[in-house]
Amino acid sequence: MRVRIAPSPTGYLHIGTARTALYNWLLARKHKGTFVLRIEDTDVERSSQEMVDVILESLKWLGLDWDEGPYFQSRRVEIYRRYAERLLKEGKAYCCYCTPEELKERREQAIREGRAWKYDRKCLYLSEEEKRKLEKEGRPRAIRFLVPPGKTEFNDLVHGKIEKNHEDIEDFVILKSDGMPTYNFAVVVDDHEMGITHVIRGDDHISNTPKQILIYRALGWEPPLFGHLPLILGEDRSKLSKRHGAVAVLQYKEDGFLPDALVNYLALLGWSPGDNREILSREELIELFSIERVSDRNAIFDRRKLLWMNGEYIKMKSEDELFNGVWEFLKKEELVKDEEKEEKRDYILGFIKLMKERCKTLKDFATLGYYFFRDDFELDPEGIRKHFYPGLKERMEKLLERFEKTEPFTVENIEQALRGLAEELGIKAKELIHPVRLICSGMTFGPGLFELLAHLGKERVIRRIKKRLPELP
RNA sequence: GGCCCCAUCGUCUAAAGGAUUAGGACAUCACUCUUUCAAGGUGAAGGUAGGGGUUCGAGUCCCCUUGGGGCCA
């Protein structure tokens with residue numbers, strides 16, 4: 001089995017392309033086949049090395065390693081031309097001299113007259129003399145495929161039988177007047193030359209498939225098997241695109257998603273193992289995946305479920321496994337500096353342990369954990385309203401005294417100190433716990449208070465209480 | 001507009017004509033645990049688009065309608 005992913009270098013790897021890549025990759029790994037990467041960059045204007053790099057980086061981040069390539073279509077132009085010439089010579093294609101303006105005019109006329117427009121084969125019926133004349137004028141010429149009469153059927157791996165009458169296919173261009181191949185032509189030549197056995201791609205290519213099969217047959221080649229995956233849709237049910245927000249794989253990396261979680265989520269978008277399992281490792285996915293179980297219905301991308309799944313993966317990972325990822329986000333928020341990475345390692349490992357149940361993304365560690373690293377936070381005004389009360393200052397002074405005497409500053413000792421004071425004052429522990437949390441973190445929620453204070457350390461806790469003492473009621 | 005694809009809770013899906021009171025997950029709501037927030041536990045609500053057929057029996061097969069999507073322009 002040889003499969004491939006063939007992205008265009010448009011500046012990012014689309015989440016839909018990523019899922020297509022994933023399904024191909026799963027198939028290749030499951031059947032010990034080969035996963036080929038091909039860059040479809042015939043649109044030279046819009047392609048660049050940087051854009052290619054983004055694709056490679058995205059695939060690497062997802063952990064979808066390829067076995068061959070990347071191949072570049074832009075370096076294969078001569079090959080496409082050779083095959084186009086061959087079809088021309090064999091009378092299976094013909095030159096078309098119609099200009100875009102002429103075509104537009106005839107198309108509009110057809111629409112005005114209420115006819116369905118399809119290329120009218122004007123250039124197919126040109127006499128030799130007319131052709132010579134046009135050539136002499138130096139008119140640009142495209143090459144059109146001569147669609148034979150009949151009908152094409154194929155057995156789609158996902159959809160089953162799909163058929164198309166050739167009357168509904170116009171004589172499409174295979175080589176443009178600038179000498180570049182069209183998508184349909186290049187894809188067939190490449191898939192054949194690269195020995196692709198299973199073409200697994202998006203549903204948006206279903207209508208191209210009969211055209212491509214026609215080309216295979218015209219060149220005397222056996223077409224591969226085709227499987228068309230349902231599309232990933234945005235909330236509004238249209239094809240997922242930039243206007244739906246995060247659509248680039250690397251955006252998810254930036255947003256703090258784990259590649260394992262994204263892979264798992266994407267695998268489930270259009271496929272399920274059949275039982276009720278949802279959290280599946282790569283190994284399990286490879287073992288369980290089958291193209292027969294792929295759904296043929298378009299699916300809406302649900303970021304909330306992805307978020308949940310990412311949270312599940314964060315909980316599953318050890319502190320050590322999360323360390324580097326969390327570090328990057330702390331660094332980005334300027335909460336830490338690279339030179340203190342080793343020195344702060346244990347502190348951060350403990351921080352991750354306290355926070356990971358509460359974080360859905362790696363980014364959350366930085367946004368929800370600000371106070372673990374900096375003193376300069378504001379107190380949540382809503383929290384002040386709720387938890388500060390007259391006489392609090394006096395109580396906090398007493399608590400401060402106790403904390404100063406608490407040695408060592410451990411979870412148990414802190415709890416004992418605080419609860420002891422509460423008892424002595426004849427109040428509920430809550431009446432101290434909430435204000436202390438607010439003073440030491442700026443927030444009304446977070447890890448268990450005693451664990452939190454112990455981890456912040458005596459020095460920080462005392463400093464923060466002292467700092468806020470003057471403003472307490 | 002032409003052609004093609006698709007139709008199960010809000011979303012992702014399970015149910016290979018009989019095992020179904022249509023199952024699970026996310027989200028929602030309630031309760032519970034708790035110093036808070038999460039997490040966890042328990043529970044609730046929520047679906048076979050509509051209409052015809054085929055069949056002893058239809059979510060499942062066929063047809064039509066409607067709706068959604070894609071491609072080409």
Side-chain angles (χ1 to χ4, degrees), chain A residues 16 100 103-104 106-108 110-119 152 156 158-170 172-173 183-184 202-211 228-240 264-279 292-312 314-315 354-360 364 368 380 382-383 386-387 414-415 418-419 422 428-438 441 443-453:
Chain A
L103 290 171
K104 190 172 173 226
R106 275 183 273 156
R107 186 189 318 128
E108 280 169 0
I111 290 166
R112 268 198 305 278
E113 291 167 10
R115 289 182 287 124
W117 164 260
K118 192 171 87 161
Y119 180 66
T152 291
D156 191 279
V158 176
H159 291 275
K161 194 164 117 182
I162 292 178
E163 49 182 25
K164 181 110 169 172
N165 287 317
H166 294 181
E167 295 97 76
D168 295 323
I169 307 175
E170 69 170 0
F172 54 94
V173 173
Y183 165 78
N184 281 316
D203 255 359
D204 44 353
H205 287 113
I206 286 186
S207 46
N208 286 323
T209 306
K211 294 182 193 171
H228 290 93
L229 272 20
L231 262 21
I232 299 180
L233 273 28
E235 299 277 344
D236 65 351
R237 301 190 164 276
S238 67
K239 197 160 79 161
L240 194 67
N264 192 160
Y265 177 72
L266 250 20
L268 256 31
L269 206 56
W271 172 84
S272 85
D275 53 28
N276 285 332
R277 281 186 296 169
E278 298 210 293
I279 302 291
E292 290 78 26
R293 289 200 61 87
V294 171
S295 159
D296 57 5
R297 304 171 50 191
N298 292 168
I300 293 173
F301 191 86
D302 184 0
R303 194 182 169 91
R304 282 174 307 191
K305 185 149 184 177
L306 205 212
L307 222 40
W308 164 78
M309 191 166 276
N310 205 56
E312 293 297 300
I314 286 178
K315 271 187 279 174
L354 286 181
M355 293 298 286
K356 72 174 184 176
E357 288 233 317
R358 301 167 166 74
C359 291
K360 299 278 190 204
D364 286 345
L368 300 176
D380 174 22
E382 183 65 10
K386 240 158 89 183
H387 300 304
I414 295 167
E415 177 157 17
L418 187 143
R419 289 200 192 277
K428 284 185 183 163
K430 279 186 195 182
E431 293 180 66
L432 296 175
I433 287 174
H434 293 311
V436 175
R437 172 188 297 287
L438 187 59
S441 75
M443 296 178 157
T444 57
F445 59 89
L449 184 80
F450 309 118
E451 286 81 7
L452 171 61
L453 296 185

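Each chain gets a letter, A, B and so on, in the order its sequence line appears, and its residues count up from 1.
- Between A/Leu240 atom CG and B/G70 atom P there is a gap of 11 Å when expressed in whole angstrom units.
- Rounded to whole Å, the distance from CG on A/Asp236 to P on B/U11 is 13 Å.
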Output one line per pair: protein atom, nucleotide atom from nucleotides 71-73 of chain B, and distance, for all N/O pairs under 3.5 Å.
unit_1: B/C71; atom_1: OP1; unit_2: A/Lys239; atom_2: NZ; d: 2.6
unit_1: B/C71; atom_1: O2'; unit_2: A/Ser207; atom_2: OG; d: 3.0
unit_1: B/A73; atom_1: O3'; unit_2: A/Arg107; atom_2: NE; d: 2.0
unit_1: B/A73; atom_1: O3'; unit_2: A/Arg107; atom_2: NH1; d: 2.5
unit_1: B/A73; atom_1: O3'; unit_2: A/Arg107; atom_2: NH2; d: 2.9

Can you check nucleotides 13-17 of chain B for protein contacts, nitrogen or oxygen pairs under 3.5 Å, and list what you find?
unit_1: B/U13; atom_1: OP1; unit_2: A/Gly270; atom_2: N; d: 2.9
unit_1: B/A15; atom_1: OP1; unit_2: A/Arg293; atom_2: NH1; d: 3.4

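- In terms of position on RNA chain B, the residue among A/Arg358 and A/Glu312 whose nearest nucleotide sits closer to the 5' end is A/Arg358.
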Using a cutoff of under 3.5 Å, can you pull out all pairs of nitrogen or oxygen atoms linking the protein to nucleotides 58-62 of chain B, with atom names and distances?
none

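- Residues A/Leu233 and A/Gly446 both approach RNA chain B. Their nearest nucleotides, taken by heavy-atom distance, put A/Gly446 toward the 5′ side.
- Shown here are the ring pair (Phe, Tyr, Trp, His ring centres under 6.0 Å) partners of A/Phe172, two or more places apart in sequence or in another chain: A/Phe145.
- Proximity of a side-chain donor or acceptor of A/Arg437 to a complementary backbone N or O of A/Pro447 within less than 3.5 Å is detected.
- Here the separation of B/A73 from B/A7, taken at their C1' atoms, is 27 Å to the nearest Å.
- If you check B/A58 for Watson-Crick or wobble pairing at under 3.5 angstrom, you find it has no partner at all.
- When rounded to the nearest whole Å, the span between CD of A/Glu451 and P of B/A38 equals 18 Å.
- Residues satisfying the side chain to side chain contact (heavy atoms under 4.5 Å, CB included) criterion with A/Ser238, sequence neighbours excluded, are A/Asp236, A/Arg243, A/His244.
- For the side chain to side chain donor-acceptor pair (under 3.5 Å) test, no residue two or more places apart in sequence or in another chain qualifies with A/Arg293.
- Straight-line distance between the C1' atoms of B/G51 and B/G10: roughly 26 Å, to the nearest whole Å.
- At a threshold of 4.0 angstrom between heavy atoms, the contacts of A/Lys164 are confined to the sugar-phosphate backbone, with no base atom among them.
- Counting to the nearest Å, the C1' atom of B/C3 and the NE2 atom of A/His166 are 13 Å from each other.
- The backbone N or O of A/Phe301 lies less than 3.5 Å from no partner atom in the side chain of A/Tyr265, so there is not a single donor-acceptor pair.
- Interatomic distance, CD1 of A/Ile232 versus CG of A/Asp302, reported as 12.0 Å (0.5 Å rounding).
- Applying the side chain to side chain donor-acceptor pair (under 3.5 Å) criterion to A/His387, with sequence neighbours excluded, gives no partner residue.
- Base contact: A/Arg437 has a heavy atom under 4.0 Å from a base atom.
- Computed from coordinates, the A/Ile232 CD1 to B/U11 C1' distance equals 14 Å when rounded to whole Å.
- Look at the P atom in both B/A44 and B/A38: the space between them is 23 Å, to the nearest Å.
- Considering only residues two or more places apart in sequence or on other chains, A/Thr209 meets the side chain to side chain donor-acceptor pair (under 3.5 Å) condition with A/Arg201, A/His228.
- Atoms CG and CZ, on A/Asp275 and A/Arg277 in that order, are 4.5 Å from each other to the nearest 0.5 Å.
- Here A/Lys315 pairs with A/Glu312 in a salt bridge; the nearest charged N to carboxylate O distance falls below 4.0 Å.
- Atom CD1 of A/Ile433 and atom CG of A/Leu438 lie 13.5 Å apart (nearest 0.5 Å).
- For A/Phe450, there are no ring pair (Phe, Tyr, Trp, His ring centres under 6.0 Å) partners at least two apart in sequence or on another chain.
- For the C1' atoms, the distance linking B/A19 with B/A58 amounts to 16 Å, nearest Å.
- Spacing of P atoms, B/C3 relative to B/A45, comes out at 46 Å, to the nearest Å.
- When both distances must be under 3.5 Å, the Watson-Crick or G-U wobble mate of B/C33 does not exist.
- Between A/Leu452 atom CG and B/A38 atom P the separation is 17 Å, expressed in whole Å.
- With sequence neighbours left out, A/Lys356 forms a side chain to side chain contact (heavy atoms under 4.5 Å, CB included) with A/Ile314, A/Glu319, A/Leu322, A/Ile352, A/Phe365.
- Shown here are the side chain to side chain donor-acceptor pair (under 3.5 Å) partners of A/Glu292, two or more places apart in sequence or in another chain: there are none.
- A/Leu449 comes within contact range of at least one nucleobase, with a heavy-atom separation under 4.0 Å.
- Across all strands shown, B/U28 forms a Watson-Crick or G-U wobble pair, both distances under 3.5 Å, with B/A44.
- Using Watson-Crick or G-U wobble geometry with both donor-acceptor distances under 3.5 Å, B/G2 finds its partner in B/C71.
- Each of A/Asp203, A/Ile206, A/Asp296 was evaluated against A/Val158; a single residue qualifies, A/Asp296, per the side-chain contact (heavy atoms from CB on, under 4.5 Å) test.
- At a threshold of 4.0 angstrom between heavy atoms, the contacts of A/Tyr265 with the nucleic acid are absent.
- Here, B/C12 and B/U28 have their C1' atoms 16 Å apart, quoted to the whole Å.
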Polar atom pairs (N or O), protein with nucleotides 26-28 of chain B, under 3.5 Å:
unit_1: B/C26; atom_1: O2'; unit_2: A/Lys305; atom_2: N; d: 3.4
unit_1: B/A27; atom_1: O2'; unit_2: A/Arg304; atom_2: NH1; d: 3.2

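- Taking atom P on both nucleotides, B/U42 is separated from B/G24 by 12 Å, rounded to a whole Å.
- In terms of heavy atoms, A/Lys118 sits closest to A/Glu167 at NZ-O, 2.8 Å.
- As rounded to the nearest Å, B/A27 and B/U54 have C1' atoms that lie 40 Å from one another.
- Of the candidates B/G70, B/A38, B/C37, the closest approach to any side-chain atom of A/Glu357 belongs to B/A38.
- In this structure, A/Ile206 atom CD1 and B/G70 atom P are separated by 13 Å, rounded to whole Å.
- With rounding to whole Å, A/Leu307 atom CG is found 14 Å from B/A38 atom P.
- Within the structure, every side-chain polar atom (N or O) of A/Lys386 is placed at least 4.0 Å from both OP1 and OP2 of B/U36.
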